[in-house]
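Values reported hereafter were calculated over all heavy atoms of this structure, with side chains retained and with hydrogens, waters and symmetry mates removed.
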Amino acid sequence: MIVLKIIIQNMIETHLASIGIGLNKQIELNNHTNHSIFKHMKKISPIVLNYNNAKDTIECVSSLLLSNTTPHSIIIIDNKSTDASCAEITEWLVTISHPVDIEEQKTPWLPTSGSQVWAFTHPLNIRILLVAAKSNKGYAAGNNIGLSICFKEGADAAWILNNDTIVAPDALRAMSDKLFSQPHYGLCGSCVLYYHIKDRVQCRSGGKTNYWTGLSRLNGNGQTIQTAHEALEQEVEDSINFIYGASVMLTQSFYETVGEMDEDFFLYCEEQDWACRNKKRFGLAYASNAIVFHKEGATTGWPGSKGNLRSLWLITRSRVLLFRKHAPWSLPVLFCGIAYAGIRLLARRFFSVVIH
């Protein structure tokens with residue numbers, strides 16, 4: 001476990017140093033609970049969804065344990081993996097924390113919906129739950145299990161993270177500070193960088209979907225971190241209409257008012273649907289200092305050099321569902337765009353023709 005912590009810490013340090021962001025090397029892992037400066041910190045529970053990818057999930061959770069602000073709890077949902085993921089994660093948790101008896105802790109609402117649940121107490125006084133879902137009903141359904149547990153566990157906010165992410169030590173605190181800086185904020189995004197391209201931005205907080213043209217664009221995509229940080233947070237917030245789902249923090253008030261993720265979206269577009277259902281009742285925040293590295297597509301296989309036909313089908317299905325639900329008038333335009341994209345993909349895949 002010590003070796004893994006060193007590897008993860010060095011990994012984060014290397015990534016941050018490569019883009020000119022310093023990492024405080026004096027992180028004292030065993031003293032987190034004694035930091036009185038954080039005594040009024042909001043209780044934040046990260047949720048990490050795993051499917052056949054224990055290695056990345058362990059790296060993601062390890063980076064959370066390196067945060068210089070202690071999470072209230074960490075909830076890992078195994079979405080009915082078909083490999084040995086659940087056993088691998090359990091074995092790892094046993095080596096870093098102390099298993100506890102859920103029944104003795106008097107949490108009658110666990111396990112949930114027939115799922116199996118294991119509880120652990122980390123030396124940093126962090127409660128870690130591993131939930132093995134009884135079936136895989138998709139990304140939204142898996143995260144809904146985590147959201148239900150999170151707020152029953154007494155958290156003020158949940159932080160949904162893709163399991164193929166690595167978070168910087170300051171990210172949790174930066175996200176929480178931003179989310180609770182204004183009472184109208186309900187969702188908060190971070191500065192997401194490509195894991196394998198170091199200083200290249202995947203998105204600033206979220207993006208914008210045009211419900212007339214059917215097109216979506218992530219804010220700041222492709223910029224360097226230096227260029228991305230030149231924009232004011234307010235400017236970014238004014239130019240987005242959804243928060244990117246790889247890293248989104250939400251308040252309990254948002255969850256109780258807008259509701260859980262729509263499970264009709266098996267994969268993709270859940271965050272856009274969430275924003276549409278919000279109907280601007282809650283503001284969308286951007287925490288520019290919350291750095292999250294994303295190994296894009298590690299679980300879904302999309303995007304990729306060859307593409308993943310199942311992922312392509314799922315994202316197409318989800319976009320049709322999103323527009324049918326919120327903007328049915330633009331479906332003809334959307335279908336034309338899908339047809340055009342399909343022709344391009346087929347041409348490149350089977351005939352090695354590049355169409356400009």
Practice task
Just do the side-chain contact (heavy atoms from CB on, under 4.5 Å) check on Lys178 and Tyr185 with the steps written out, would you?
Solution key: CA-CA 9 Å; Lys178 182 64 179 185; Tyr185 284 142; 3.7 Å; yes
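- In this structure the side chain of Leu250 reaches within 4.5 angstrom of the side chain of Leu147, judged on heavy atoms.
- Defined by atom type and a distance below 3.5 Å, a donor-acceptor pair is missing between the side-chain atoms of Asn162 and Tyr244.
- Using a 4.5 Å cut-off between side-chain heavy atoms of Ile, Leu, Val, Met, Phe, Trp and Tyr, with links allowed through other members, Val333 and Leu215 fall into different hydrophobic clusters.
- Ion pairing between Arg204 and Glu233 fails under the 4.0 Å rule for side-chain N and carboxylate O.
- Looking at every heavy atom in both residues, Ser288 comes nearest to Cys191 through O-CB, 3.7 Å.
- The shortest side-chain heavy-atom distance between Arg277 and His326 falls under the 4.5 Å cut-off.
- For Arg217, the CZ atom is loosely surrounded, since the number of other residues' heavy atoms within 6.0 Å does not exceed 12.
- Judged by distance alone, the side chain of Ser247 and the main-chain N or O of Leu161 form no donor-acceptor pair under 3.5 Å.
- With sequence neighbours left out, Thr316 forms a side chain to side chain donor-acceptor pair (under 3.5 Å) with no residue at all.
- For Phe254 and Trp274, the ring centers are positioned less than 6.0 Å apart.
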Exercise for the section: Start with the C-alpha gap between Lys55 and Glu88, add the side-chain angles, then the distance that decides, and say whether salt bridge (charged side-chain N to carboxylate O under 4.0 Å, His left out) holds. Expected result: CA-CA 9 Å; Lys55 178 179 181 294; Glu88 290 178 37; over 6 Å; no
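- Distance check, rounded to the nearest 0.5 Å: CZ of Phe266 to NZ of Lys137 gives 11.0 Å.
- No side-chain N or O of Glu230 forms a donor-acceptor pair with one of Gln226 less than 3.5 Å apart.
- Atom SG of residue Cys269 and atom CG of residue Asp264 lie 12.5 Å apart, to the nearest 0.5 angstrom.
- Of the possible donor and acceptor atoms, one in the side chain of Thr224 sits under 3.5 Å from a partner among the backbone N and O of Thr227.
- Formation of a donor-acceptor pair under 3.5 Å by the Arg281 side chain with backbone atoms of Gly186 is not found in this model.
- In this structure the side chain of Phe265 never reaches within 4.5 angstrom of the side chain of Leu314, judged on heavy atoms.
- The number of heavy-atom neighbours closer than 6.0 Å to NZ of Lys208, taken from other residues, nucleotides and ligands shown, is 12 or below.
- Between the side chain of Glu237 and the backbone N or O of Tyr286 there is at least one donor-acceptor pair closer than 3.5 Å.
- Considering only heavy atoms from C-beta on, Tyr51 stays 4.5 Å or farther from Asp83 through its side chain.
- When atom types are taken as modelled, the side chain of Ser318 and the backbone of Leu267 share a donor-acceptor pair closer than 3.5 angstrom.
- Ser63 contributes a side-chain N or O that, together with a main-chain N or O of Val167, makes up a donor-acceptor pair within less than 3.5 Å.
- A continuous path of hydrophobic side-chain contacts links Val94 to Val48 [ILVMFWY only; heavy atoms under 4.5 Å].
- What you find for Ala285 and Ser205 is that their closest heavy atoms are O-OG, 2.9 Å.
- In terms of modelled atom types and a separation under 3.5 Å, the side chain of Asn219 and the main chain of Gly207 share no donor-acceptor contact.
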Problem - Audit row: Leu172, Thr70, side-chain contact (heavy atoms from CB on, under 4.5 Å) steps and yes/no - result: CA-CA 9 Å; Leu172 189 151; Thr70 306; over 6 Å; no
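- Taken from CD in Gln223 to CZ in Arg200, the straight-line distance is 9.5 Å, to the nearest 0.5 Å.
- A donor-acceptor pair under 3.5 Å links the side-chain atoms of Asp78 to the main chain of Ser81, judged by distance alone.
- Defined by atom type and a distance below 3.5 Å, a donor-acceptor pair is present between the side-chain atoms of Asn144 and Glu263.
- Hydrophobic clustering, with ILVMFWY side chains joined whenever heavy atoms are under 4.5 angstrom apart, groups Tyr211 together with Leu331.
- Rounded to the nearest 0.5 Å, atoms CD1 (Ile76) and OG (Ser85) are 11.0 Å apart.
- Proximity of Asn163 to Val61: side-chain heavy atoms (C-beta onward) are nowhere separated by under 4.5 Å.
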Exercise for the section: Go through Phe151 and Tyr255 one step at a time and tell me if the ring-ring contact (aromatic ring centres under 6.0 Å, His included) criterion holds. Expected result: CA-CA 9 Å; Phe151 293 115; Tyr255 176 72; 5.1 Å; yes
Practice task
Could you walk me through whether Glu153 and Lys43 pass the salt bridge (charged side-chain N to carboxylate O under 4.0 Å, His left out) test, one step at a time?
Solution key: CA-CA 10 Å; Glu153 288 271 297; Lys43 294 180 287 187; over 6 Å; no
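- Here the closest heavy-atom approach between residue Ala132 and residue Cys86 is recorded as CB-SG, 3.9 Å.
- Proximity of a side-chain donor or acceptor of Ser67 to a complementary backbone N or O of Leu64 within less than 3.5 Å is detected.
- Side-chain atoms of Val292 and Ile166, non-hydrogen and from C-beta on, never get closer than 4.5 Å to each other.
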Handout entry: Verdict with reasoning, Lys325 to Asp262, per salt bridge (charged side-chain N to carboxylate O under 4.0 Å, His left out)
Key = CA-CA 11 Å; Lys325 184 176 179 180; Asp262 186 344; 2.5 Å; yes
Exercise for the section: Evaluate side-chain contact (heavy atoms from CB on, under 4.5 Å) for Thr69 paired with Met175, printing each intermediate quantity in order. Expected result: CA-CA 11 Å; Thr69 302; Met175 293 273 282; over 6 Å; no
Handout entry: Residues Leu321, Tyr268; criterion side-chain contact (heavy atoms from CB on, under 4.5 Å); working and verdict
Key = CA-CA 10 Å; Leu321 176 59; Tyr268 304 114; over 6 Å; no
Practice task
Report the C-alpha distance between Asn289 and Asp170 in whole Å, list the side-chain angles of each, state the deciding distance to 0.1 Å, and finish with yes or no for side chain to side chain donor-acceptor pair (under 3.5 Å).
Solution key: CA-CA 8 Å; Asn289 292 326; Asp170 291 334; over 6 Å; no
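- Side chains of Asp156 and Thr251: no donor on one and acceptor on the other come within 3.5 Å.
- Arg319 and Ser216 share a side-chain donor-acceptor pair at under 3.5 Å.
- When hydrophobic clusters are built by joining Ile, Leu, Val, Met, Phe, Trp and Tyr residues whose side-chain heavy atoms come closer than 4.5 Å, directly or via intermediates, Tyr139 is grouped together with Trp313.
- The minimum heavy-atom distance linking Leu284 with Phe242 is given by the pair CD1-N, 3.7 Å.
- What you find for Trp92 and Ile58 is that their closest heavy atoms are CE2-CG2, 3.5 Å.
- Within the 4.5 Å cutoff, side-chain heavy atoms of Met249 are placed close to those of Ile44.
- Rounding to the nearest 0.5 Å gives a distance of 8.5 Å between CG of Asn79 and CG of Asn50.
- Taking CD from Gln252 and OG from Ser45, the interatomic distance works out to 10.5 Å, rounded to the nearest 0.5 Å.
- In summary, the side chains of Gln272 and Thr209 do present a donor paired with an acceptor at a separation below 3.5 Å, with no hydrogens or angles considered.
- Ile47 has its side chain within reach of Cys150: a pair of non-hydrogen atoms, C-beta onward, lies under 4.5 Å apart.
- Looking at Ser176, its side chain never comes within 3.5 Å of a backbone N or O of Arg173 through a donor-acceptor pair.
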